[in-house]
There are 2 protein chains.
Amino acid sequence: MEPHEPDLTAVPVTSVLAALADDVRLQIVRALAEGGEAACGSFDFGVSKATRSHHLRVLREAGLTRTRAAGTSRLVRLRRDELNKLYPGLLDAVLTPRPPA
Amino acid sequence: MEPHEPDLTAVPVTSVLAALADDVRLQIVRALAEGGEAACGSFDFGVSKATRSHHLRVLREAGLTRTRAAGTSRLVRLRRDELNKLYPGLLDAVLTPRPPA
DNA sequence: GAGCTTGTTCGACAATTGTCGAACAAGGGT
DNA sequence: ACCCTTGTTCGACAATTGTCGAACAAGCTC
């Protein structure tokens, strides 16, 4: 199946924000930001693998991540540079669990 | 009734993002960013006043806006400084209708 | 090939959300 | 006092969304 990774400029801002506006997905994004490329299975945040797969798709289709196959696994990584270029400050604003007061 | 304007630090990031992840609300935020304080009625984006009221409440309860009464109107303004302090770059990333390529 | 691991997809379901019209509340103007 | 303007609140409804288990697909290892 086609991974369907859109051009980030073609994704409405609201979709990017909506993708980030979920606790599970935000944890995934933070894990990716900290750990770099990671397999889907490494994101165990108390949801089933069906749900995890769903969240990863939302992130991918919002242009936030890229996915490549590696054996039976799929490696996911954050599209950091593109995001920082198109929405400077957005990732930084969101990556910190508790922003500086 | 109490306006219920929460402390921004007490609002989860996902709520802030969710509040911004809607087209109508984003238009409201952009109008506020550009025009400063404005009456609720000035946001006519093709939705009924009930819906508009709903969106303004979402924004207010997410800590994005403040509201004060003025006659029969209610004036809304963006909590810009607080937002920029707590989530630097977030507003800027979101305010431009079409971000620079 | 058999079996295991890793993900995806497919309903299904509950909860949330965006939307509306109608009813209500509060102020201002005449 | 009456009406008009401005918003809010109250169901109601449709659409979307998060969640799951079960079934499926693809690849590795033995």
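In what follows, chains are A, B, ... by sequence order, proteins preceding strands, each numbered from 1.
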When every nucleotide of nucleotides 22-30 of chain C is labelled 5' to 3' by its protein contacts under 4.0 Å (heavy atoms), B for base, S for sugar-phosphate only, - for none, what sequence of letters results?
-> -----BS--
So, does B/D22 use its side chain to make a donor-acceptor pair with the main chain of B/R25 at under 3.5 Å?
-> yes
What parts of residues 38-47 of chain B reach DNA chain D, counting only heavy atoms under 4.0 Å away?
-> B/A39, B/C40, B/G41
Ignoring backbone atoms, establish whether B/S73 has a side-chain N or O less than 4.0 Å from OP1 or OP2 of D/dG7.
-> yes
From CA spacing to verdict: side chain to side chain contact (heavy atoms under 4.5 Å, CB included), B/R52, B/H55 | CA-CA 5 Å; B/R52 185 199 331 158; B/H55 285 308; 5.8 Å; no
Per the under-4.0 Å heavy-atom filter, residues of residues 16-25 of chain A near DNA chain D come out as A/D22, A/R25
Within the pair B/H55 and C/dT19, is there a side-chain N or O less than 4.0 Å away from OP1 or OP2?
-> yes
Could you tell me whether A/T51 contacts a base, only the sugar-phosphate backbone, or nothing, with contacts defined as non-hydrogen atoms closer than 4.0 Å?
-> base
Ignoring backbone atoms, test whether A/R57 places a side-chain nitrogen or oxygen under 4.0 Å from the OP1 or OP2 oxygen of C/dT9.
-> yes
Nearest whole angstrom, please: distance from the P of D/dT8 to the CG of B/L75.
-> 11 Å
For a salt bridge (charged side-chain N to carboxylate O under 4.0 Å, His left out) with A/E5, tell me which candidate from A/R57, A/R60, A/R66 qualifies.
-> A/R66
Roughly, in whole Å, what's the span from CD in B/E61 to P in C/dG18?
-> 12 Å
Find out if a path of hydrophobic residues (ILVMFWY) with successive side-chain heavy-atom gaps under 4.5 Å connects A/L59 to A/V11.
-> yes
Identify, with sequence neighbours excluded, every residue that meets salt bridge (charged side-chain N to carboxylate O under 4.0 Å, His left out) alongside A/R79.
-> A/E82
Close side-chain approach of B/L90 and B/L17, heavy atoms under 4.5 Å | yes
Can you tell me if A/R30 uses its side chain to pair, donor with acceptor, with the backbone of A/T96 under 3.5 Å?
-> yes
May I have the distance from A/R74 (atom CZ) to C/dG7 (atom C1'), rounded to whole angstrom?
-> 7 Å
Please state how far atom CG in B/L56 lies from atom P in C/dG18, giving the value in whole angstrom units.
-> 13 Å
Which residues satisfy the side-chain hydrogen bond (donor to acceptor under 3.5 Å, both in side chains) test with A/D44, sequence neighbours excluded?
-> none
Does A/A33 have any side-chain contact (heavy atoms from CB on, under 4.5 Å) partners at least two apart in sequence or in another chain, and if so, which?
-> A/L78, A/R80, A/L95
Tell me, do A/F43 and A/L32 make a side-chain contact under 4.5 Å, heavy atoms counted?
-> yes
Options D/dC20, C/dG7, C/dG21, nucleotide nearest the side-chain atoms of B/S48 | C/dG21
Atom-to-atom span, CZ of A/R68 to P of D/dG27 - whole angstrom = 15 Å
Do B/V58 and B/V13 belong to the same hydrophobic cluster, where Ile, Leu, Val, Met, Phe, Trp and Tyr are linked whenever their side-chain heavy atoms lie under 4.5 Å apart, directly or via other members?
-> no
Between atom NE2 in B/H54 and atom P in C/dT19, what is the gap in whole Å?
-> 7 Å
